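Quick note: numbers below take in every heavy atom, side chains included, and nothing from hydrogens, waters or symmetry partners. Numbers restart at 1 for each chain; the letters A, B, ... are given by sequence-line order, proteins then strands. Given the structure is predicted, the values throughout are model-derived calculations rather than measurements.
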Amino acid sequence: MPELPEVEHVRQSLEVLLKGQTVERVEVRLARIIRYPDVAEFCERMAGKRVQRVGRRGKYLLIEWDDDEVLVSHLRMEGRYGIAESGTPVEPHTHVIFYLKNGQELRYRDVRQFGTMDLVKQNELSRLEGLYTLGPEPLEDGFHANYLLQAIKGRKAPIKAVLLDQRVIAGLGNIYVDEALFRAGVHPERLAGKLVRKEVARLVDLIREVIGEAVEAGGSSVKSYVNGFGEPGNFQTSLRVYGRAGEPCLQCGKAIVKGRVAGRGTHVCLHCQPAPRGAAIRGRGLKR
DNA sequence: CAGGGCGTCCGGCTGC
DNA sequence: TGCAGCCGGACGCCCT
């Protein structure tokens with residue numbers, strides 16, 4: 001599940017692989033991946049484009065072309081890009097192939113078929129719902145204690161659900177929300193609006209910390225995630241609760257528990273993250 | 001009405 | 001060995 005650190009890792013690899021490359025033509029093998037425009041127009045408009053730079057906003061990749069258009073690509077669960085020499089066998093679940101002028105192919109694979117691509121003009125980016133409603137980047141200045149405090153004020157949803165909301169903060173997903181809440185010592189079912197200022201400030205710091213470290217490490221390779229070079233990330237070995245159900249907490253030794261919050265698998269140390277009244281995840285026989 | 005929550009899309013994988 | 005059911009990011013819709 002690529003989240004901000006993994007998408008950033010992909011962005012960096014694509015920037016190197018694609019800088020200055022020209023697209024000769026595009027083959028769309030699964031139409032549902034292309035949200036806008038329709039496949040025929042998409043292919044027509046893509047032909048002849050040259051890569052200017054590769055950007056990122058939240059979990060969105062922004063491949064910017066020399067003609068002022070942008071390919072907005074979201075990997076969702078398992079989308080990935082790879083470079084292949086022309087004529088080499090096309091891997092299963094390859095849905096879009098960009099034939100480059102230098103003989104290489106940029107291939108988009110996606111087992112779940114959840115990923116999306118939109119091709120728009122720079123000045124049309126504001127039309128893309130999920131993109132323009134994005135909250136601040138966790139590593140940029142707009143994300144600070146006062147902002148988060150304001151954003152979660154009065155909200156009755158569990159803090160985990162709020163942090164997963166891309167309109168509140170861009171780029172967090174299930175893994176890094178669990179990790180940040182663990183580091184902050186906040187149980188994921190705590191009601192967001194009831195966190196006190198000190199806790200919110202601490203949460204902001206630790207979100208920045210874990211995201212920063214994960215970006216540095218090239219992301220976490222769970223579910224066989226790799227960047228455009230086929231390289232995995234290294235952060236999975238630094239995850240403290242995610243995927244560690246039943247294993248001892250690295251801080252206190254108590255077993256990590258897995259439950260469900262906001263419809264997501266959720267990992268908690270009940271000693272380091274005390275459960276609030278009425279929490280579903282509170283110990284008794286719940287684990288795994 | 002705001003806001004929380006759940007169904008939907010998919011197929012590899014788990015577990016019975 | 002076979003297969004129903006689980007899982008999840010974002011979004012649409014339903015319910016309170």
Report the C-alpha separation of A:Phe235 and A:Glu213 in whole Å, then their side-chain angles, then the decisive distance to 0.1 Å, and conclude whether the side-chain contact (heavy atoms from CB on, under 4.5 Å) test is met.
-> CA-CA 8 Å; A:Phe235 198 69; A:Glu213 288 176 15; 3.8 Å; yes
Hey, is A:Glu6 close enough to A:Lys59 for a salt bridge, meaning N to O under 4.0 Å?
-> no
For A:Leu106, the option from A:Leu14, A:Ile97, A:Leu17, A:Val23 that meets side chain to side chain contact (heavy atoms under 4.5 Å, CB included) = A:Leu14
Closest heavy-atom pair, A:Arg50 versus A:Gly20, reported as atoms and distance to 0.1 Å, is NE-O, 3.5 Å
In whole Å, what is the span from the CG atom of A:Asp110 to the P atom of C:dG8?
-> 17 Å
In whole angstrom, what separates A:Glu3's CD from C:dA10's C1'?
-> 13 Å
Lys/Arg-Asp/Glu bridge criterion (N-O < 4.0 Å) met for A:Glu209, A:Arg183 = yes
Can you tell me how far C1' of C:dG8 sits from OH of A:Tyr176, to the nearest Å?
-> 16 Å
Heavy atom of residues 112-125 of chain A under 4.0 Å from DNA chain B: which residues?
-> A:Arg112, A:Gln113, A:Phe114
In plain terms, say whether A:Asp66 and A:Lys49 are close enough for a salt bridge, that is, a side-chain N and a carboxylate O under 4.0 Å apart.
-> no
Could you state the atom-to-atom distance from CD1 of A:Ile33 to C1' of B:dG11 in whole Å?
-> 13 Å
Carboxylate-amine/guanidinium contact A:Arg197 A:Glu199, below 4.0 Å | no
Identify the pairs formed between an N or O of the protein and an N or O of nucleotides 2-6 of chain B at a distance under 3.5 Å, and give each distance.
residue: B:dG4; atom: OP1; partner: A:Lys156; partner atom: N; Å: 3.2
residue: B:dG4; atom: OP2; partner: A:Arg155; partner atom: NH2; Å: 2.8

Please report the closest heavy-atom contact between A:Pro188 and A:Pro158, naming both atoms and the distance.
-> O-CB, 3.4 Å
Using a cut-off of 4.0 Å on non-hydrogen atoms, how would the nucleic acid contact of A:Asn174 be classed: base, sugar-phosphate, or nothing?
-> sugar-phosphate
Atom CE of A:Met77 and atom C1' of B:dG11 are separated, to the nearest Å, by 11 Å
Separation of C:dG8 P from A:Leu75 CG (nearest whole Å) = 18 Å
Distance test, side-chain N/O of A:His74 to OP1/OP2 of C:dG9, below 4.0 Å | no
Charged N to carboxylate O under 4.0 angstrom, A:Arg127 versus A:Glu124?
-> yes
Starting at the 5' end of nucleotides 11-16 of chain C, put B wherever the base has a protein heavy atom under 4.0 Å, S where only the sugar-phosphate does, and a dash everywhere else.
-> S-----
Please report the closest heavy-atom contact between A:Val162 and A:Ala157, naming both atoms and the distance.
-> CG2-CB, 3.9 Å
Over-ring placement of A:Arg240 relative to A:Phe182, 6.0 Å and 45° cut-offs = no
Whole angstrom is fine here: how far is it from CZ in A:Arg109 over to C1' in B:dG11?
-> 14 Å
Closer than 4.0 Å, any side-chain N/O of A:Arg260 to the OP1 or OP2 of C:dC7?
-> yes
Using whole Å, report how far CG of A:Leu172 lies from C1' of C:dG9.
-> 13 Å
